[in-house]
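One structure is given below, encoded as structure tokens.
Letters A, B, ... are given to chains in the order of the sequence lines, protein chains preceding strands, and every chain is numbered from 1. Every value quoted in this text rests on a predicted model; they were computed, and no experiment measured them.
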Amino acid sequence: MEFLFAITIGVLVAAAVYLMLSNHLLRFIFGLVLISNAANLTIFVAGRLTDGAPPLIPEGADAPTLAANALPQALVLTAIVIGFGLFAFAIVLVFRAWTTLNSLTPDEMRLAEPEEAHK
Amino acid sequence: MSWLLALPVVIPFLTAVLAFLTRQSPIGRWMSVAGSSVLLVASIILMATVLREGVIAGQMGNWPAPFGITLVADLLSAVMVLITAIVAVAVSIYAIADVDEGMERLGYHALFNMLIAGVVGAFITGDLFNLYVWFEVMLIASFGLLVLGGRPEQIDGGVKYVALNLVSTIMFLTGIGLLYGTTGTLNMADLASAVDGADQRLLTVVAVLFMIAFGVKAAVFPLFFWLPASYHTPAFSVSAVFAGLLTKVGVYALLRMFTLVFDHDTAFTHTILLWVAGLTMVVGVLGAAAQSDMRKILSFHIVSQIGYMILGLALLTPLAIVGAVFYLVHHIVVKANLFLIAGVAQRIAGGTELSRIGGLYKSAPLLAVLFVVPAFSLAGFPPLSGFWAKFLLVKAALDVQGWIIAGIALAVGLLTIYSMTKIWAQAFWEPHPEGIDPKLSSLSSRDRAAMLIPIAGLAVLTVVIGTMPEPFVQFAEASAAQLLDPTAYITAVLGEQP
């Protein structure tokens, strides 16, 4: 199962890098969504995978020998929430960039660093 | 003890909430000043406690370490919190004059205090995932501050800042995942021993991931491009607090992780750091030499100065770490102050583009004096604080026969003087191109006080560190000793180890 996850993560990262390098801000945002999900999956797999063993222990019982690791799930949940907030901001920022700068190509966005700065 | 550790984080958070609720009225800005002052008191108490009792740790929610979230303050954390509080007080006073009502209504003071909370949290946490959360708090607040006002340059700079910082965040997160996978813990003190049993090759890969993630935050070569693209665009008080604190959080994280956890393969990791340090110094200072805008010059100087701190970490001798800690603290004070001064120059002379201003020496001699102190300190003139910082690092490099890197450090110091004299000659000495007399009296008396008091305060601090370096160096020595021998840190968090 780890193998399958590893391949999935690899494909996600490859697609994300391709999108992020394609010189268009909207594609960059999509790439960011993909790569952050790849990071989340990495954390999830790093906590070791189990099959159908929820970490629920009845009161008074001993801990089972095999149970899913709850910590990575908590970490991933936090990361998803934070990531969602960041993407919401990033998308609004890109929209503002499009309305004020009339461009979504990073190479054309030279307002803060004009090319003729060195006179 | 944990209330004392939580206080420096809780105070700016509460202040942010109160400032948000009062953002429509002028009370908000006083809320910010008051909150920062209370934070300063809390951080002084924290510092006194750490000096008296050594490393202190607290477990949040009483979950025993390494399972719960730990807050730890050793000497380095305590001094970073203290210096953050000092900068917060200075900038919140300055903001009274610098930030207009429009930005206040949009929640400037709330975002500012949120940023401070994130910075303090990052300095004081003892848990890696918690560090990630504080980085995000800091990042989201800084995004808001950077684009507040929405001028086109800000949006342009903001896009680059946001994009590169988000990539670094994801690197950090992946690193955390892999480190947890190999060691099974995320508590930093626990990691220090847990890494011994892990696969050393995999650990080096993780170390490099962390190096890149923190390297982007710290703005080292070749990962610094977001910094000069964005730092000159927002309000001056925003640039000052960014310049003083944000990159230094990255340096702090590097310093912490690469002394406590990733010290297994120093021949590999710290050699990379040494190269990075040299190139960062050189590229930063050359970038500064090519610029003709005060804030852009100062932004490139941040990059170049970060190189010195990384140099201290890369050498990893006791003296080098002393130098890095000393440099870190000195740099925060000096850099924030220079951006604040640039703000005054903009207000009275009408810009920061060097070709369009002038005459500040003749018309505003007080400002000229206040500029000379941090500017020459940055360049490393005795008897100011920057001289001792550079002296310690160059001495440390010479002690290990690092002739080349010591030479680079000295040459970069010279080039720093070159671009500082450029600002001095064009903004201060030459007459104003439009024949204006840029007098400080053109500011209202309230604005004048709000801008000059924090600048003077930080300048005095620079002079004090410079003329009486002995206690500060001793402090840096004690804190470097704690970094290089983390037994006290680990014992404070996990209890006595067998």
Relative to chain B, which segment of A:Leu41 carries a heavy atom at a distance below 4.5 Å: side chain, backbone, both, or neither?
-> neither

Measure distances from A:Leu75 to the heavy atoms of chain B and classify the residue's part below 4.5 Å as side chain, backbone, both or neither.
-> both

With a 4.5 angstrom heavy-atom cut-off, which part of B:Val162 approaches chain A: side chain, backbone, both or neither?
-> side chain

Name the region of B:Phe143, side chain, backbone, both or neither, that has any atom closer than 4.5 Å to a heavy atom of chain A.
-> both

side-chain contact (heavy atoms from CB on, under 4.5 Å) with A:Phe89: which of B:Ile140, B:Val147, B:Leu166, B:Leu139?
-> B:Val147

Most heavy-atom pairs under 4.5 angstrom with chain B, which of A:Ile43, A:Val76, A:Asn40?
-> A:Ile43

Sequence neighbours left out, what passes side chain to side chain donor-acceptor pair (under 3.5 Å) with B:Gln426? Give chain and number order.
-> none

With chain A, which of B:Thr174, B:Ile155, B:Asp293 has the greatest number of heavy-atom pairs at distances under 4.5 Å?
-> B:Ile155

Assert top hit (heavy-atom pairs under 4.5 Å, partner chain B, pool A:Thr100, A:Val94, A:Leu93) equals A:Leu93

In this structure, CG of A:Leu86 is separated from OG1 of B:Thr169 (nearest 0.5 Å) by 6.5 Å

Honestly, the part of B:Leu179 sitting under 4.5 Å from a heavy atom of chain A is neither

Heavy-atom distances under 4.5 Å only: say whether A:Ile29 touches chain B with side chain, backbone, both or neither.
-> neither

How about B:Tyr180 and A:Asn69: do any of their side-chain heavy atoms sit closer than 4.5 Å?
-> yes

Name the region of B:Phe67, side chain, backbone, both or neither, that has any atom closer than 4.5 Å to a heavy atom of chain A.
-> neither

